[in-house]
Amino acid sequence: LMNATIYNYHERWADDVELPQGEGRNVIVRRYAHLPLAGQLSQGVPPSGKVPTLDDFTVALVQHGDYVALTDIARWTQKDPIVNKFTELVGLMIGYTVDTYIRNIITAGTNVLYSNGTARTNVVTIPDGNDLDRMIRSLMRNGAEMSLSGNDGTTAVGTAPTMPSYPCIIHPNTIFTLQNIAGFKDASQYRGASKNEYGRYKSLAFFVATDPSSLGIGALVNTSGGGASTAVANTSGTVDIYHSLAIGKHAYHMVKLNGKSTSFYAKPLGSAGTADPLDQLSTIGAKHTGAGLITNQNWAARLEHAVEN
């Protein structure tokens with residue numbers, strides 16, 4: 001039988017940095033700030049000159065990994081290709097783990113808006129077009145570039161034009177709200193949608209990050225983190241907070257260790273030596289070595305909001 005398909009969006013728009021082996025565990029990502037505008041020159045008088053300002057961002061590599069054990073009996077008696085299936089499951093585990101690790105970093109950014117109030121504990125309302133406009137405005141005024149192109153509509157196929165857009169990762173429960181906001185278009189109404197793009201509103205393109213198996217992955221939800229209300233989705237009268245995350249280019253980075261970013265391990269029966277004296281256990285596992293960090297807080301905007309019951 002099949003499991004639900006889950007897409008990893010949080011690492012999709014990261015800038016990649018590769019760390020060579022033997023270069024240490026800490027990584028520095030560096031950016032020079034814009035120079036102030038040049039002044040008007042006086043004849044024969046050199047200007048005083050500018051001193052560039054340097055911003056350094058440092059992060060240390062971390063590892064995530066685990067394995068599954070397979071007995072000799074299972075190997076010898078299972079009709080299904082169990083080794084291949086376990087290898088697939090381990091691969092998915094590592095993919096979901098890394099995406100969730102990156103999610104937790106970028107959803108802790110400081111550029112946050114609320115559907116009402118000025119703090120998470122005030123939130124009791126669902127988002128509207130004004131909230132989405134505020135997200136777009138926040139990214140635009142801070143100079144965040146859009147990573148998704150727009151398209152002209154054509155009467156030949158009956159599609160609407162779209163503007164260049166910021167990808168915005170949302171929870172499935174947010175879809176109903178979006179569909180009722182004036183100006184929202186689902187992906188069937190325009191050309192040039194990106195892979196798995198659900199729809200657009202002005203300069204936001206939405207991608208639905210699910211968690212059908214309750215693994216703690218997908219778009220972030222804080223149960224009972226908001227204000228007091230039973231008119232929206234809540235836990236024991238306290239509003240559940242949904243995070244919708246809009247991302248500009250170069251907002252965050254993923255660091256990968258060259259040649260050792262993701263490694264798979266298959267240990268045969270008896271490979272544990274005296275710990276497995278009768279050759280009863282084999283294992284299949286994987287390990288990821290890397291890091292993530294926000295390099296421009298103003299180029300990602302998070303809207304915290306409620307959803308309908």
Report yes or no: does [X] contribute a side-chain atom to a donor-acceptor pair with the main-chain N or O of [Y] at less than 3.5 Å?
X    : Y    : answer
R103 : H10  : no
T174 : I170 : no
Q189 : D186 : yes
E197 : S194 : yes
N309 : T230 : yes
R302 : V112 : no
T71  : A69  : no
N116 : N122 : yes
N234 : V232 : yes
S261 : L257 : no

Beyond-backbone contact of [X] with [Y], side-chain heavy atoms, under 4.5 angstrom:
X    : Y    : value
K267 : S282 : no
C168 : I247 : no
V62  : H64  : yes
Y201 : T162 : no
S138 : N111 : yes
Y96  : I6   : yes
P164 : S203 : no
L178 : I181 : yes

Derivation and outcome, salt bridge (Lys or Arg N to Asp or Glu O under 4.0 Å), residues R75 and D72:
CA-CA 5 Å; R75 278 179 173 269; D72 54 351; over 6 Å; no

How far does [atom1] of [X] sit from [atom2] of [Y], to the nearest 0.5 angstrom?
X    : Y    : atom1 : atom2 : answer
L139 : M146 : CG    : CE    : 8.0 Å
T295 : D15  : OG1   : CG    : 6.5 Å
R200 : Y190 : CZ    : OH    : 5.0 Å
R30  : D56  : CZ    : CG    : 4.0 Å

Measure across [X] and [Y] and return the closest heavy-atom pair with its distance rounded to 0.1 Å.
X    : Y    : value
Y114 : A119 : CE2-C, 3.6 Å
A306 : V239 : CB-CG1, 3.7 Å
N8   : G95  : ND2-O, 3.4 Å
A219 : H243 : CB-O, 4.2 Å
A187 : A193 : CB-CB, 4.1 Å
I169 : A209 : CG2-CB, 3.7 Å

Should the heavy atoms of other residues, nucleotides or ligands under 6.0 Å from OH of Y67 be counted, would the total exceed 12?
no

Around atom NZ of K195, are there more than 12 heavy atoms from other residues, nucleotides or ligands closer than 6.0 Å?
no

Which label fits H171 and Y242: parallel for a plane angle under 30°, tilted from 30 to 60°, or perpendicular past 60°?
perpendicular

[Y] reachable from [X] in the ILVMFWY side-chain graph, under 4.5 Å edges:
X    : Y    : value
V68  : I82  : yes
L148 : W299 : no
L92  : I94  : no
I105 : V29  : no
Y166 : F206 : yes

What's the verdict on side-chain contact (heavy atoms from CB on, under 4.5 Å) for F264 and T262, showing C-alpha distance, side-chain angles and the deciding distance?
CA-CA 7 Å; F264 283 84; T262 302; 3.9 Å; yes

Decide yes or no on salt bridge (Lys or Arg N to Asp or Glu O under 4.0 Å) for K256 and D16, but give the supporting numbers first.
CA-CA 7 Å; K256 300 178 180 180; D16 286 340; 3.5 Å; yes

With side-chain contact (heavy atoms from CB on, under 4.5 Å) as the test, would you mind laying out the steps for V27 and T58 before giving the verdict?
CA-CA 6 Å; V27 182; T58 304; over 6 Å; no

Can K202 and D133 be counted as an ion pair, charged N to O under 4.0 angstrom?
yes

Step by step, work out the side-chain contact (heavy atoms from CB on, under 4.5 Å) result for H305 and I126.
CA-CA 6 Å; H305 57 86; I126 63 174; 5.9 Å; no

Does any donor atom in the side chain of Q179 or Y198 lie under 3.5 Å from an acceptor atom in the other side chain?
yes

Side-chain H-bond candidate by donor/acceptor type, T235 with D240, under 3.5 Å:
yes

Apply the test side-chain contact (heavy atoms from CB on, under 4.5 Å) to residues L70 and F86: give CA-CA distance (whole Å), side-chain angles for both, the deciding distance (0.1 Å), then the verdict.
CA-CA 9 Å; L70 184 62; F86 279 16; 3.8 Å; yes

Near-ring test F207/Y9, centroid separation under 6.0 angstrom:
yes

With salt bridge (Lys or Arg N to Asp or Glu O under 4.0 Å) as the criterion, how do E304 and R120 come out once you've worked through the C-alpha distance, each side chain's angles and the decisive distance to 0.1 Å?
CA-CA 7 Å; E304 298 190 5; R120 181 178 299 174; 2.7 Å; yes

